[in-house]
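This report refers to the structure that appears directly beneath it.
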Amino acid sequence: MPKKFNTTAICIPERHYMVNTSNRIQQIVEELVEQNKYFTINRARQYGKTTTLFRLKAALQTDYYVAKISFEGLGETARYESGLVQIFVEEVGKQLRRTSLKKELLDGWCEPFTENASLTALGNRITELCAESDREIVLMIDEVDAVSNNKLFLNFLGMLRRKYISSNEGEDTTFKSVILAGVYDIKNVQIKMRTDEEHQYNSPWNISADFDIDLSFHADEIAVMLNEYRDDYALDFDTAWFAGQIYNYTSGYPFLVSRLCWLLDEKVSRDPDFGTRRAAWTQAGFLRAVKLILKEQNTLFDDLNKKLDSNKQLKNLVYQIAVCRKNVPFNLNDNLVKLGFMFGWLKELNGMTVISNRIFETIICDKLIQEKTTSRIYQAADLEKYQMKTASGLNMDEIIDRFAAHYKSIYADRTSDFLENEGRLIFLTFLKPIINGSGNYYMEPELFDKTRTDIVVDYQGRQYIIEAKIWHGESYEQTGREQLCGYLKRYNQPVGWLLSFCFNAKKEKLTGTRTIEMDGKMIRETVV
């Protein structure tokens, strides 16, 4: 059976097309495990943590005994010390039974406790196991977030920490390495203690080494995976181009990379508009896959929406970055920036905080637009949407003209501060019902000048480049034209649209539309 792309559970090299992460696995082995490090792989949801543990275990089994367990779904039993200890012993025992560990040593590990099991008793049993074993033992615990708000779990980590320190001092024997995997940084986990109403920061895992290894997929790595797929199915497409496009939309987020590939292979190829894998792996097929991923409900997007709804401060930060294009320094000492980074929505670019990829940015903007579907600007576009389309695509001139007219009538009495912050979202809100179902958009920011944003609209295989900006004078306007011209060259488009929001006292003299030719490109400039 040929391999498949996989986006559920663990990816297995023999069954699934995978980016080759062997170099990363070897780096983890050499720089962390072999150096007796305890560490946490804290990455966003569906970022390949479980698959990384799976492959790491396979790499370590030649030289070590590896016990890989999960704390997912432990239930109420794990909230009591004796219950947590017994579950831990049982789960580790199941793993060690698959190794060549001596039977008498394994039996001793699995023997029921004669009294109520305690963390102290567990620590003693760990010492006996590791001291008598003919190989060093590596412990992996997946899904630690399931119990990270449990004070008992922190006590458990504290016990492992004490043993680690004592072992380094030559006074104890314990696990070679302990590897935790979860979304949150256990080193600085915040919990609400039962004894009072204050939030406290606890560091039972301050022995943890930094885990700085990049788990995202790079474009050249994606291309290697696509080469294997292309050859297996005797296809003929430009794998470098597809790898570049996939990376541009996902920034190498593992789930999103695999999901786009899966959609191309499983959904687009069976769509009546395409019908074959050969037809699917084209530019039009790729844009269809992007449209599909943006429309689907999956656990990653559901989690993003729930977290934004439950944390108004984080939602406001994301709004300021994604919509208002505010310059926010990337500082992990800022709790909101750190939280967005851990969730995988934010990343650092040249010292600034940006949305981590186009897919997330569109999902976030769509969520904000969805909250405005009852607005007059959205309803106006919805009523007139068929008049702004042609048989072959969008009538962007008409879209800009109608937007300008509705903007003037609806928002004439709003303050300049409101419009300056909301202008782009207002335009995207107007655009959304027009392209909905047949296209999508994303934004290309100019990093150090967030007052300008290029919006790229993909619609029925065609691309439209619109620059939305704040008017700051004619010289600044010229800079905007030059930037737009550069984007038109990059996307090989003959015409682009420049939409400027003007709050100048002489606004009435500036508003209107004109067409400018620049370096072989046509720019239709509209000031509102």
Side-chain angles (χ1 to χ4, degrees), residues 245 248-250 256 259-260 263-264 267-268 271-274 283-298 300-302 304-305 308-309 318-319 322-323 355 357-407 410-411 422-444 453-468 491 493 496-497 499:
Q245 289 298 308
N248 286 341
Y249 275 82
T250 67
L256 298 178
R259 192 64 181 171
L260 282 174
L263 287 168
L264 279 160
K267 295 295 184 180
V268 179
D271 188 298
D273 291 340
F274 297 89
Q283 180 177 356
F286 175 76
L287 295 178
R288 179 66 60 87
V290 171
K291 185 183 78 171
L292 290 175
I293 197 172
L294 291 173
K295 290 176 63 177
E296 69 180 14
Q297 291 182 323
N298 56 53
L300 182 62
F301 297 162
D302 288 346
L304 184 155
N305 286 318
L308 286 180
D309 287 336
V318 170
Y319 168 79
V323 177
I355 305 300
N357 60 62
R358 292 177 181 173
I359 298 292
F360 281 157
E361 184 171 60
T362 306
I363 292 294
I364 290 167
C365 288
D366 278 354
K367 175 178 175 58
L368 297 171
I369 290 170
Q370 187 63 32
E371 296 171 359
K372 294 180 175 291
T373 54
T374 57
S375 67
R376 290 173 61 191
I377 197 78
Y378 182 96
Q379 293 175 342
D382 195 34
L383 286 172
E384 301 175 2
K385 58 188 176 184
Y386 296 111
Q387 302 172 44
M388 293 179 274
K389 301 178 183 181
T390 68
S392 60
L394 299 174
N395 187 339
M396 190 58 68
D397 287 342
E398 186 70 12
I399 289 173
I400 299 293
D401 287 345
R402 287 178 181 262
F403 169 76
H406 288 298
Y407 178 89
I410 295 173
Y411 298 101
E422 295 278 339
R424 296 177 189 83
L425 186 59
I426 291 170
F427 176 68
L428 292 175
T429 301
F430 184 83
L431 184 64
K432 184 63 178 178
I434 302 170
I435 66 172
N436 197 31
S438 299
N440 54 272
Y441 65 89
Y442 59 87
M443 290 181 283
E444 293 273 19
T453 303
D454 283 291
I455 301 169
V456 182
V457 179
D458 291 326
Y459 187 86
Q460 294 185 352
R462 294 184 60 186
Q463 291 183 311
Y464 305 82
I465 315 296
I466 309 108
E467 181 172 306
Y491 286 91
Q493 296 295 322
W497 292 263
L499 177 63

Step-by-step side-chain contact (heavy atoms from CB on, under 4.5 Å) determination, R424 to I455: CA-CA 10 Å; R424 296 177 189 83; I455 301 169; 5.7 Å; no

Look at atom NZ of K267 and say whether more than 12 heavy atoms of other residues, nucleotides or ligands are closer to it than 6.0 Å. no

First locate atom OG1 of T362, then atom NZ of K291, and finally report the distance between them rounded to the nearest 0.5 Å. 14.5 Å

Y464-Y459 aromatic ring centre distance below 6.0 Å: no

So which atom in F301 and which in I293 form the shortest heavy-atom distance, rounded to 0.1 Å? CE1-O, 3.1 Å

Quick check: do E296 and L263 have side-chain heavy atoms less than 4.5 Å from each other? yes

So which atom in I434 and which in K389 form the shortest heavy-atom distance, rounded to 0.1 Å? O-CE, 2.8 Å

Can you list the residues that meet the ring pair (Phe, Tyr, Trp, His ring centres under 6.0 Å) rule with F403, with sequence neighbours excluded? Y407, F427, F430

Closest non-hydrogen contact found for L264 with A289 is CG-CB, 3.8 Å

Atom CD in E371, atom OG1 in T429: separation rounded to 0.5 Å? 10.0 Å

Nearest 0.5 Å please: distance from the CG atom of L294 over to the CG atom of N440. 5.5 Å

Separation between CD1 of I359 and CG of L256, rounded to the nearest 0.5 Å: 6.0 Å

How long is the gap from OG on S438 to CG on L394, to the nearest 0.5 Å? 9.0 Å

List in chain and number order the residues that pass side chain to side chain contact (heavy atoms under 4.5 Å, CB included) with Q493, two or more places apart in sequence or in another chain; answer none if no residue qualifies. Q463, I465, L488, Y491

Separation of L431 CG from Y378 OH (nearest 0.5 Å): 11.0 Å

Is there a donor-acceptor contact under 3.5 Å linking the side chains of Y442 and N357? no

Taking every heavy atom of C365 against every heavy atom of Y441, the minimum-distance pair comes out as CB-OH, 3.2 Å

Using side-chain heavy atoms (C-beta onward) and a distance below 4.5 Å, is K372 in contact with K432? no

